A.B. asks: 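If you scroll down you'll find the structure; I have some questions about it.
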Amino acid sequence: MLNLFLFLWTARWHLRSHNPLASSSSVFLGAPSPPPPPPFTIEVCKFSELVAVSNLCIDNFFSPNLTPWKLAQTSFLRAEQLKDLQSRFYNELNEMYVALSGDNEIVGFVEITARKFGLGDGLEPTSDSSSSSSPSSPFAGINNRNRPVVSNLVVKKSFRRFGVARNLMVSCETLVNNNSAWRAYSEIVLQVEDENLIARRFYEASGYEVLFRDPSCRRYDADGLFLRNVRTTKLCLRKKLRSSIFTRLTQPWFLS
């Protein structure tokens, strides 16, 4: 037995001393390099893609379950999501973006819409134009002002942490900054559930600031036997992009 041990030890020493890759360093024995990020592109969403988008949203916003009642709930939610997206698709101040994989699979989505979204006292700008009755004016009521709102940001699980969400958000910000139809606006707002810490960290890292908590929001709860519309608390976040034309026109230096 001793002779066998000495033989094996000698053979191992001989192989290591003559193998340049088997050095005492652990550089060559470390973890393999991470796989390269999957390719994707950001494009404007087409109406024909809304069915796939609705499925992506519901499959990621709600836990998958194959029980008969859960399948019925999922079918209802997909239909409601599709109807909701279709109702805004042709709005002038609405844009939807999709992230497409190398195989043209929809792996991400985001929507931005200019709609009434009040921030409450102390957060709204003051302007003589705030009494404007025009519904398209960003100063249409101090607590009922139109502003760009981002919603339905979703990324397929296998494509997360590769920059898909960030590129979708950049597309929305670029639209507001550069598109003439959106030039009146100087900020983007959004809402995220208070308990969604991952999403909150992502938005804050992207330059969005938490303004307040809204405990009066509603969401669907699919955890039980029946689908319920329950109350939930959401955070309102805002990112200031630049001074809008309306803000600049009402500055004292411009009016003087």
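As the structure is a computational prediction, the values presented were derived from the model and not from experiment. All values below come from the heavy atoms of this structure, side chains included, with hydrogens, waters and symmetry mates left out.
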A.B. asks: Can you tell me if R183 uses its side chain to pair, donor with acceptor, with the backbone of N177 under 3.5 Å?
C.D. replies: yes
A.B. asks: Backbone N or O of S171 within a donor-acceptor pair of the T174 side chain at under 3.5 Å?
C.D. replies: no
A.B. asks: For D59 and R78: C-alpha separation, side-chain torsions, deciding distance, then whether salt bridge (charged side-chain N to carboxylate O under 4.0 Å, His left out) applies.
C.D. replies: CA-CA 9 Å; D59 291 346; R78 285 176 173 175; 2.7 Å; yes
A.B. asks: Does any non-hydrogen side-chain atom of M96 lie less than 4.5 Å from one of V53?
C.D. replies: no
A.B. asks: So does L71 get a backbone contact from the side chain of S75, meaning a donor-acceptor N/O pair under 3.5 Å?
C.D. replies: no
A.B. asks: Taking the inter-plane angle between the rings of Y90 and F47 on a 0 to 90° scale, is it parallel (under 30°), tilted (30 to 60°) or perpendicular (over 60°)?
C.D. replies: parallel
A.B. asks: Without swapping roles, check the side chain of N91 against the backbone of L93 for a donor-acceptor pair under 3.5 Å.
C.D. replies: no
A.B. asks: Quick one: does any side-chain atom of R160 pair with a main-chain N or O of V155 as donor and acceptor, under 3.5 Å?
C.D. replies: yes
A.B. asks: Run the salt bridge (charged side-chain N to carboxylate O under 4.0 Å, His left out) check on D221 and R228 step by step: do they pass?
C.D. replies: CA-CA 5 Å; D221 181 5; R228 299 183 302 151; 2.7 Å; yes
A.B. asks: Report whether Y97 and F202 are members of the same hydrophobic cluster (ILVMFWY, side-chain heavy atoms less than 4.5 Å apart, transitive linking).
C.D. replies: yes
A.B. asks: With a 6.0 Å cut-off (strictly less than), is the heavy-atom count around CG of N178, excluding the residue itself, greater than 12?
C.D. replies: yes
A.B. asks: Do the non-hydrogen side-chain atoms of F117 and Q191 ever get within less than 4.5 Å of each other?
C.D. replies: yes
A.B. asks: E95 and C172: side-chain contact (heavy atoms from CB on, under 4.5 Å), yes or no, with the steps?
C.D. replies: CA-CA 8 Å; E95 196 66 85; C172 295; over 6 Å; no
A.B. asks: Please determine whether residues L237 and V110 belong to a single hydrophobic cluster, defined as Ile, Leu, Val, Met, Phe, Trp and Tyr linked transitively by side-chain heavy-atom distances below 4.5 Å.
C.D. replies: yes
A.B. asks: Main chain of A181, side chain of N179: is a donor-acceptor contact present, judged purely on distance under 3.5 Å?
C.D. replies: yes
